[in-house]
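Remarks on the structure that follows.
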Amino acid sequence: MRGARAADALPDRRVALPGRRVAAVSLVALAALATGCEPGTATGAQDAPPPARPTQAAAPSPTAPVTEDAKPRTAPPPSPSASTAAPAPSPDPTTARPAPEPSTAPPPRVLMRTGSESDRVRELQARLRQIGHFGRNPTGYYGSVTADAVRSFQAKRSLPVTGSTDEVTWGRLLAMTRVPKAAELRPPTERPLAAPDERCLKGRVLCISKNSRTLAWMIGGKVVSAMDVRFGSEYTPTREGVFEVFWKSRDHVSTLYDTPMPYALFFSGGQAVHYSADFAANGYGGASHGCVNVRDKKKVAALFGQVRTGDKVVVYW
């Protein structure tokens, strides 16, 4: 009985084992399908491509040609041979201005300059004096004092400061001033005449005052003409006293200093009354070597024609 029971029981166990395995395999398969896992490829489906993942883009093959759609959004780095310098910015068309073209207009014509001597120079000086740029009476000679006065006028009117009187400067001056009167063009002297020395009141006399720096040509106690003069320095002073004209030399040149002495009227050794271009140009900034300098050439020329040898000369303070 015991052997039969045992034998009968054995087949039951063998049959039960396959059923449990099938049940276990079935449970595993159901669990895999429920969680979305991929258990593997079924037999006979090796040629079918795997399903694509919608959230991942396939990376292009390193050797595959790049299509237009696969170009990166940023530009690729430049090749080693390409220039890496940044391009120059183009000018803003609203702010860029063309360079000014050089002026081709000729400069204005110069009418008067240093060394000029004429009635027009005299008028220039008189007009400059009207508006405070020339501090003395006109002489008719364009020297350094006149040039400085012209520079002052040009600077104040924003004109090119040259010291020469060109057409533009002259036109501006004419517009600002009036026509000078005769007394303004040819005043007797720049300074008022001194009271004549009593030795000048008789006869024909060159009455020369060191105090007023004037010369008065007097006949019979009356002034015929007057002019500005300057004298020698402290090392070569002009002699004082009563003399007489002993020699006249129209185109004289100094043998000591090799300088022109036009219209010379000698009265004491080598000292004479004569025209001085330096006095006309530089005024009282200089001095003579003892002579009596006159800066108005026309006046001293007229004086030279009137004075005679033997006429009196009085030099006094």
Query raised in the report: Do Arg172 and Asp166 sit within salt-bridge range, that is, some charged N less than 4.0 Å from a carboxylate O?
Result: no
Query raised in the report: Does the side chain of Trp317 reach to within under 4.5 Å of the side chain of Glu240, using non-hydrogen atoms?
Result: yes
Query - Sidechain-backbone polar pair: Tyr141 side chain, Ser118 backbone, donor-acceptor under 3.5 Å - result: no
Requested in this report: Could you tell me whether Arg250 atom CZ has more than 12 heavy atoms of other residues or ligands within 6.0 Å of it?
Outcome: no
Query raised in the report: So which heavy atom on Pro108 is nearest to which on Val168, and how close?
Result: CB-CG2, 3.9 Å
Query raised in the report: Should the ring pair Phe267 and Phe243 be called parallel, tilted or perpendicular, given that the plane angle runs from 0 to 90° and is split at 30 and 60?
Result: tilted
Report summary line: Minimal heavy-atom distance between Trp217 and Val205, with the atoms involved, is CE3-O, 3.3 Å
Query raised in the report: Given Val145 and Phe134, is the side-chain contact (heavy atoms from CB on, under 4.5 Å) satisfied, shown in steps?
Result: CA-CA 8 Å; Val145 175; Phe134 191 73; 3.9 Å; yes
Report task. Would you kindly confirm whether Phe304 and Val224 end up in one hydrophobic cluster when ILVMFWY residues are joined by side chain heavy atoms under 4.5 Å apart? Result -> yes
Requested in this report: Give the intermediate values and the outcome of side-chain hydrogen bond (donor to acceptor under 3.5 Å, both in side chains) for residues Arg295 and Thr139.
Outcome: CA-CA 7 Å; Arg295 62 181 171 191; Thr139 64; over 6 Å; no
Query raised in the report: Backbone N or O of Val314 within a donor-acceptor pair of the Arg199 side chain at under 3.5 Å?
Result: no
Query raised in the report: Do Leu159 and Leu174 share a hydrophobic cluster (ILVMFWY, side-chain heavy atoms under 4.5 Å, transitive)?
Result: yes
**Report entry** Geometric class of the Phe266/Phe246 ring pair [parallel <30°, tilted 30-60°, perpendicular >60°]
**Finding:** tilted
Report summary line: Heavy-atom closest pair (Arg151 atom, Thr162 atom, distance to 0.1 Å) is NE-O, 4.0 Å
Query raised in the report: Would you say Ser144's side chain and Ala281's backbone share a donor-acceptor pair under 3.5 angstrom?
Result: yes
**Report entry** Lys/Arg-Asp/Glu bridge criterion (N-O < 4.0 Å) met for Lys248, Asp311
**Finding:** no
Requested in this report: Taking the side chain as every heavy atom from C-beta outward, state whether Arg127 and Phe153 have any pair of such atoms under 4.5 Å apart.
Outcome: no
**Report entry** Residue pair Val150, Tyr142: steps toward the side-chain contact (heavy atoms from CB on, under 4.5 Å) verdict
**Finding:** CA-CA 10 Å; Val150 171; Tyr142 204 120; 3.3 Å; yes
Report task. Could you check if a side-chain atom of Tyr316 sits within less than 4.5 angstrom of a side-chain atom of Ser209, using non-hydrogen atoms only? Result -> yes
Query raised in the report: Under 4.5 Å between any side-chain heavy atoms of Asp228 and Asp296, yes or no?
Result: no
**Report entry** In one Ile/Leu/Val/Met/Phe/Trp/Tyr side-chain cluster, 4.5 Å: Val315, Leu303
**Finding:** yes
Query raised in the report: Quick one: CD on Glu123 to CG on Leu173, what's the gap to the nearest 0.5 Å?
Result: 8.5 Å
Query raised in the report: Side chains of Thr238 and Gln271: is there a donor and an acceptor less than 3.5 Å apart?
Result: no
Requested in this report: Indicate if Leu185 and Met227 have the same hydrophobic cluster label, given that clusters are the connected sets of ILVMFWY residues with side-chain heavy-atom separations under 4.5 angstrom.
Outcome: no
Query raised in the report: So with a 6.0 Å cut-off around CZ of Arg308, is the heavy-atom count from everything else above 12?
Result: no
Report task. Measure the CZ-OG1 distance between Arg109 and Thr165 for me, rounded to the nearest 0.5 Å. Result -> 12.5 Å
Requested in this report: List the atom of Leu128, the atom of Ala149, and the distance in Å for their closest heavy-atom pair.
Outcome: CD1-CB, 4.0 Å
Report task. Supply the atom-to-atom distance Met261 CE to His289 NE2, rounded to the nearest 0.5 angstrom. Result -> 10.5 Å
**Report entry** Verdict with reasoning, Thr146 to Gln125, per side-chain contact (heavy atoms from CB on, under 4.5 Å)
**Finding:** CA-CA 7 Å; Thr146 304; Gln125 293 166 334; 2.9 Å; yes
Requested in this report: Nearest 0.5 Å please: distance from the CG atom of Leu206 over to the NZ atom of Lys312.
Outcome: 11.0 Å
Report summary line: Correct closest heavy-atom pair for Gln130 and Val179 would be NE2-C, 4.4 Å
Query - Validation row: Tyr275, Lys299 side chains within 4.5 angstrom (heavy atoms) - result: no
Query raised in the report: Does some side-chain heavy atom of Asp119 sit less than 4.5 Å from a side-chain heavy atom of Arg186?
Result: yes
Report task. Run the numbers on Val313 and Leu265 for side-chain contact (heavy atoms from CB on, under 4.5 Å), then give the verdict. Result -> CA-CA 10 Å; Val313 178; Leu265 301 168; over 6 Å; no
Report task. To the nearest 0.5 angstrom, please state how far the CG atom of Leu111 sits from the OG atom of Ser164. Result -> 10.0 Å
Query raised in the report: Hey, any chance Val110 and Val161 share a hydrophobic cluster, counting ILVMFWY side chains that come within less than 4.5 Å of each other, even indirectly?
Result: no
Report task. Answer yes or no: is there a side-chain heavy-atom contact under 4.5 Å between Val300 and His274? Result -> no
Report task. Taking the side chain as every heavy atom from C-beta outward, state whether Arg120 and Trp170 have any pair of such atoms under 4.5 Å apart. Result -> yes
Query raised in the report: How long is the gap from OG1 on Thr236 to CZ on Phe231, to the nearest 0.5 Å?
Result: 12.5 Å
**Report entry** Exercise: identify the closest heavy-atom pair between Gly310 and Glu244
**Finding:** O-CB, 3.9 Å
Query raised in the report: Between the main-chain N or O of Gly283 and the side-chain N or O of Arg230, is there a donor-acceptor pair closer than 3.5 Å?
Result: yes
Query raised in the report: Does the Gln154 side chain pair with the main chain of Thr169, one donor and one acceptor, at a distance under 3.5 Å?
Result: no
